[in-house]
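Data first, discussion second: the structure below is written as structure tokens.
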Amino acid sequence: MKLFDNILNLDLFLENAQLLKNKKFKAGADRMTADEAYSWLQINGAQLLRQLKRGTYEPAAALAYPIAKQSGGYRRVAKLTAMDTIIQHVMMDVVSPYLEKQFSDSSHAYRKNRSVETAVNQYCTYGTEYAVAVKIDPVSCFDNVNHALLNQMLNEMIGDEKLVALMMAYVGMPILSEGEMLYPEKGILQGAPISNLFCNIYLHKLDVYLEERQIPFVRYADDVVLFFDTSTEAKNKCERTLAYMEKELFLRKNAKKCKIDAPVNLRYLGYRFEKSQYGLTAFDADQSPFDVLKSWQDTTPRDTHRTVDVLKDGILRQKDYSLLFDGETEDFDIPIASTEVINIYASVIFDSGFLQKAMDRGILINLYDKHSSLIGRFYPNAPLKSPVMTFEQLNFYYSDRERLMLAQTFVLTALKHMKLNIRYYHKFYPDKYFEKTVTAINALEKEIKVCPSYENLLLLEARTREAYYSCFDRFIHNKDFIFEKRTKRPPQNEVNALISFGNTLLYNLFATEIYKSPLDIRIGFLHATNNREESLNLDFAEIYKPLVVDRVIFALINRKALNTSHFEKTENGGVYLTAEGKRIFLDAFYEKLDTSLQVKGEHFTYRELIKREVQHLIRYFRNSEKYKPFKQVK
């Protein structure tokens, strides 16, 4: 019985369809959901099996889109239809156990009972025994897989003509990318369930080469480390290995990632190493093992939400169809098709090609100084603002009654969310001071509702925020962080540095949405429209500061995700986040934005609510509908 015959099992298809349902699979180009695929198989499964047996089944086009890699690169990711996803999983169920017997013991990626941890353990073993390690990494392995060679490898390792033909149908499957149908002549798409298996099969040829020459190695996906006794031996054999890769596998070396050093000095799969009397010990480095593993598993890639953050110094320039960040130790592509905003927190150099491409694609670039204060924005080809909308906005601004009413709305909603935070901490850390503060804010709330003028409103708002800030040191349960009072320009302690940085992120998130809308960002209602270039985004941000920024700050401090080493002090007494501190904060900030909550029976993330907030105000100006900002209840 051939392996292909094991695939023709309807129960196996239904089992994988059910697993797809459990994973909440999102439909591909044909819009078929996992539920629909399961029902379709129950009715038409026998017909599909006949097509597969006759060899007449053809995969549907994969929906492809570019994303930025978490490690800083760029890849095109495939989204298959539900049926093709199920077929690939069935093939893997049948083929993987058969291939396991052939794969090398030094290969650790995407295999049962093997992981980043097993690869790092083997690295530690070899690193103790050998004096020299060579790290080699081919350039864009997925993109450069040779189809003819892969077909040859499949035939050698599987030896089932029908099964190989079906697998190769997915290697050369059509790709729908940005409205254009492509038929790739090389490479395999990331995101397809079977692509990781294909890459392991392709690189098995390298494993065999190394084993035949008795070169100790560890391979996790295309991250390979070779071990030697001497530098001379390492140099000679490594050069021959790289030449073999280029000639036989059509893979060129990545010069920036190829390194030769003592094993203790290299980093591998997100780990650094230290030497002791017992050998090498691995410690977490910049990248977690889960992040490395996730990039190879058939899970949905992390959504970048069209935002790229640049935290290191370098050069930003144009490169073919993308924008390139060229750093001292690494570079990565910024795909123009899926990027709307680039936030730059470091010193960079632009070339004219970069700015021209950004202008053509309407990418907003936010520039910050080393203390994360906004220097300015580059927003080319901004959509023309609607004169009618601008007039309406100005009419509301110059109407004392309307402006006061809108300003009160922003303040009262922010006040509600401040009280929400106080009550949350009072629930877990009972404190009579919290009760007194809520009572005081309630009294101020009554005054705000009947406030006769804009000037009085500002005074009451300041008193409210002062009462709220007085609770911060009671919110914080980490002896290394003390708030005392709000200070800015410059922030004078770590907590104030976090508040300033978080508020800036929120201001710019709203600014991005306003720039994409017909609203004029200069015309605010709570924050005065004077010489300030931006006001309306500051108004909106008041609503979400307690819900997003403040909660992220308290979570990071109380869970000890941040410590004082993540901050730096300046000569003028200011305290600011380091690059690593900013990265930690940004990760938590984006995670918070993606938090889902129920609003009137529907589920929204904070990111979606922010977009809706801007649209609600637009409808208010256009249709005189009452503006009702989002109010969280818990």
Side-chain angles (χ1 to χ4, degrees), residues 305 307 309-311 341 343-346 366-375 377 410 413-414 417-418 420-422 424-425 465 468-469 471-473 475-478 480-514 526-527 534 537-564 566-568 574-595 605-607 609-610 613 630 632:
H305 297 290
T307 300
D309 297 303
V310 178
L311 296 168
V341 182
N343 295 317
I344 300 173
Y345 302 96
N366 295 317
L367 300 169
Y368 301 85
D369 63 19
K370 63 180 180 179
H371 303 316
S372 302
S373 297
L374 183 70
I375 298 172
R377 305 186 197 282
F410 288 121
T413 309
H417 294 154
M418 293 177 198
L420 204 63
N421 283 354
I422 297 173
Y424 171 84
Y425 280 95
R465 190 161 291 280
Y468 173 58
Y469 280 146
C471 294
F472 272 33
D473 279 320
F475 293 164
I476 295 170
H477 294 268
N478 185 333
D480 294 330
F481 290 84
I482 298 174
F483 173 67
E484 292 184 341
K485 64 178 181 178
R486 180 72 175 112
T487 57
K488 46 189 174 181
R489 301 188 187 92
Q492 294 176 8
N493 59 37
E494 290 83 359
V495 180
N496 276 288
L498 292 171
I499 295 172
S500 295
F501 185 61
N503 287 350
T504 298
L505 295 178
L506 192 61
Y507 295 151
N508 292 321
L509 195 60
F510 270 109
T512 300
E513 295 305 317
I514 293 170
L526 174 60
H527 295 80
E534 297 179 350
N537 57 330
L538 310 186
D539 290 357
F540 282 125
E542 294 300 323
I543 299 171
Y544 289 85
K545 282 180 184 177
L547 300 177
V548 178
V549 177
D550 295 349
R551 292 189 178 189
V552 166
I553 291 171
F554 301 139
L556 287 174
I557 292 176
N558 291 335
R559 295 172 185 170
K560 298 186 177 181
L562 286 170
N563 57 57
T564 53
H566 293 119
F567 298 84
E568 57 187 0
V575 178
Y576 300 94
L577 280 162
T578 63
E580 176 64 12
K582 290 172 188 174
R583 184 192 65 77
I584 293 171
F585 192 97
L586 284 166
D587 286 346
F589 182 75
Y590 291 144
E591 183 178 351
K592 186 66 176 178
L593 290 177
D594 294 333
T595 302
T605 64
Y606 282 111
R607 194 183 296 273
L609 289 169
I610 285 170
E613 203 70 57
F630 167 66
Q632 191 161 319

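The model shown is predicted, which means the values in this text are computed figures rather than measured ones.
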[Y] and [X], any side-chain heavy atoms less than 4.5 Å apart:
| X | Y | value |
| --- | --- | --- |
| L593 | L509 | yes |
| N421 | M418 | no |
| L505 | L586 | yes |
| F501 | V549 | no |
| L609 | E613 | no |
| N503 | Y507 | yes |

Between the side chain of [X] and the main-chain N/O of [Y], is any donor-acceptor distance below 3.5 Å?
| X | Y | value |
| --- | --- | --- |
| N558 | F475 | yes |
| T578 | H566 | yes |
| E494 | T564 | no |
| N493 | I482 | yes |
| T487 | Q492 | yes |

(message) Go through it in stages, so that I can follow the logic: the residues are R559 and L556, the test is side-chain contact (heavy atoms from CB on, under 4.5 Å), and I'd like the CA-CA distance, side-chain angles, deciding distance and then a yes or no.
(response) CA-CA 5 Å; R559 295 172 185 170; L556 287 174; over 6 Å; no
(message) So if I apply the side chain to side chain donor-acceptor pair (under 3.5 Å) rule between N366 and each of T504, T512, N343, which one comes out positive?
(response)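 Single pass found, and it is N343.
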Nearest non-hydrogen partners of [X] and [Y], listed with the distance:
| X | Y | result |
| --- | --- | --- |
| H417 | I543 | ND1-O, 2.8 Å |
| P490 | G574 | CB-CA, 3.6 Å |
| V575 | A497 | O-CB, 3.2 Å |

(message) Before we go on, tell me: are the rings of Y469 and F483 under 6.0 Å apart, centre to centre?
(response)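 Yes, the ring centres sit under 6.0 Å apart.
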(request) Could you tell me if the ring centre of F510 sits under 6.0 Å from that of Y544? (result)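 Centroid distance F510-Y544: below 6.0 Å, so yes.
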(message) Can you classify the ring geometry of Y425 versus F554 as parallel (below 30°), tilted (30 to 60°) or perpendicular (above 60°)?
(response)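 Perpendicular.
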(request) For the residue pair F585 and F589, categorise the inter-ring angle as parallel (less than 30°), tilted (30 to 60°) or perpendicular (more than 60°). (result)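 Ring orientation, 0 to 90° scale: parallel.
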(request) Could you list the residues that satisfy side-chain contact (heavy atoms from CB on, under 4.5 Å) with K488, not counting sequence neighbours? (result)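 K488 satisfies side-chain contact (heavy atoms from CB on, under 4.5 Å) with R486, S500 only.
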[X] side, atom [atom1]; [Y] side, atom [atom2] - distance, nearest 0.5 Å:
| X | Y | atom1 | atom2 | result |
| --- | --- | --- | --- | --- |
| N478 | L562 | CG | CG | 9.5 Å |
| D587 | R583 | CG | CZ | 5.5 Å |
| T605 | E591 | OG1 | CD | 13.0 Å |
| F472 | D550 | CZ | CG | 4.0 Å |
| L498 | K582 | CG | NZ | 12.0 Å |
| L506 | I610 | CG | CD1 | 5.5 Å |

(request) Indicate yes or no: does E542 engage R465 in a salt bridge with an N to O separation below 4.0 Å. (result)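 Looking at E542 and R465, the cut-off is met.
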(request) Taking only Lys NZ, Arg NE, NH1 and NH2, and the carboxylate oxygens of Asp or Glu, determine whether D594 and R607 approach each other closer than 4.0 Å. (result)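 A salt bridge is present here (some side-chain N lies under 4.0 Å from a carboxylate O).
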(message) Whether the H527 and D539 side chains hold a donor-acceptor pair (N or O, under 3.5 Å, no angle test) is what I'd like checked.
(response)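 A pair is found: one side chain offers a donor N or O, the other an acceptor, under 3.5 Å apart.
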(request) Using the side-chain contact (heavy atoms from CB on, under 4.5 Å) rule, take V495 and D473 through it: C-alpha gap first, then chi angles, then the decisive distance, then the call. (result) CA-CA 10 Å; V495 180; D473 279 320; 6.0 Å; no
(request) With side-chain contact (heavy atoms from CB on, under 4.5 Å) as the test, would you mind laying out the steps for I514 and F540 before giving the verdict? (result) CA-CA 10 Å; I514 293 170; F540 282 125; 3.9 Å; yes
(request) Could you walk me through whether T307 and D309 pass the side-chain contact (heavy atoms from CB on, under 4.5 Å) test, one step at a time? (result) CA-CA 7 Å; T307 300; D309 297 303; 4.1 Å; yes
